[in-house]
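What follows is a set of notes on a single structure, which appears directly below.
Counting starts at 1 for both ligands and their atoms, following the listed order. The structure displayed is predicted, hence computed values, not measured ones.
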Amino acid sequence: ITKAQRALMKVIVDAYNRHKIPQDVAKKLLQDQYSAEENFLLLTEMATSQVQVLVEFTKNIPGFLSLNHEDQIALLKGSAVEAMFLRSAQVFSQKMPNGHTEVLEERIRKSGISEEFMTPMFNFYKSIGELHMIEEEQALLTAITILTPDRPFVKDQQAVERLQEPMLEVLRKLCVLQHPQEPQYFARLLGRLTELRTLNHYHAEMLTSWRMNDHKFTPLLCEIWDVQ
Ligand SMILES: CC1(C)[C@H]2CC[C@]1(C)[C@H](OC(=O)c1ccc(O)cc1)C2
């Protein structure tokens, strides 16, 4: 890994760690009561703070703010669900003090999300947990997800590729260094990004079913997912 690549990795990891989910949201998970309505409100707060954290992290990705402005928006809107699941998968698999994970899982299961969505979601969390990613890998994988050139409405895809490629190269080298006994590890990480894309569909269904039951989203969530 060259000096420049180490510098890039440091910028990404610092940004990833600097923007955390506010502790009050995590604390509330344990306090408030357990009604489906209460759970939905908590998940709304969690999703809203995750999108805020996503926007802050994205602004710190070297070169992102020099992209065409419409493309910046298209990348954020196109990757919000995937970045949110990636971050919550990491929160689920190690960041949470144990006990919180079960409570969060319980609240998700009792918040009006249909069963058919639960399975793929929790399978994804398990498959991320099994990778035991270090924070550098998590941060780089999130940046790579955001810098996906073929999101809808992205005009200058080459400009996005030019930012994503160096990240992929650093991640590839990092995987070789971190997992010398597992030459396929980098390929497994990228395989998770494919699994992530399938969650977009389930997530859209989830939003629709919540809206049909007249659940209210926050303005930020309405804006990032073009609802209401
Ligand atoms: C852990 C998750 C990634 C999983 C369950 C909660 C999440 C934060 C997310 O919730 C929403 O997208 C969401 C969208 C709108 C809303 O009002 C509430 C939650 C889906």
Hey, are Asp150 and Gln157 close enough side-chain-wise for a donor-acceptor pair under 3.5 Å?
no
Which value, rounded to the nearest 0.5 Å, describes the distance between Tyr125 atom OH and Leu104 atom CG?
7.0 Å
Between Tyr185 and Glu137, do the side chains contain a donor N or O and an acceptor N or O under 3.5 Å apart?
yes
Taking the side chain as everything from C-beta on, heavy atoms only, tell me whether Lys10 gets closer than 4.5 Å to Asp14.
yes
Find all protein N or O atoms under 3.5 angstrom from an N or O atom of ligand 1 and list the pairs with distances, or write 'none'.
{"from": "ligand 1", "atom 1": "12 (O)", "to": "His203", "atom 2": "NE2", "distance (Å)": "2.7"}
{"from": "ligand 1", "atom 1": "17 (O)", "to": "Thr44", "atom 2": "OG1", "distance (Å)": "2.8"}

With no hydrogens and no angle check, just 3.5 Å: does a side-chain donor-acceptor pair link Glu195 and Ser127?
yes
Can you find a heavy atom in the side chain of Ser79 that is under 4.5 Å from one in the side chain of Arg151?
yes
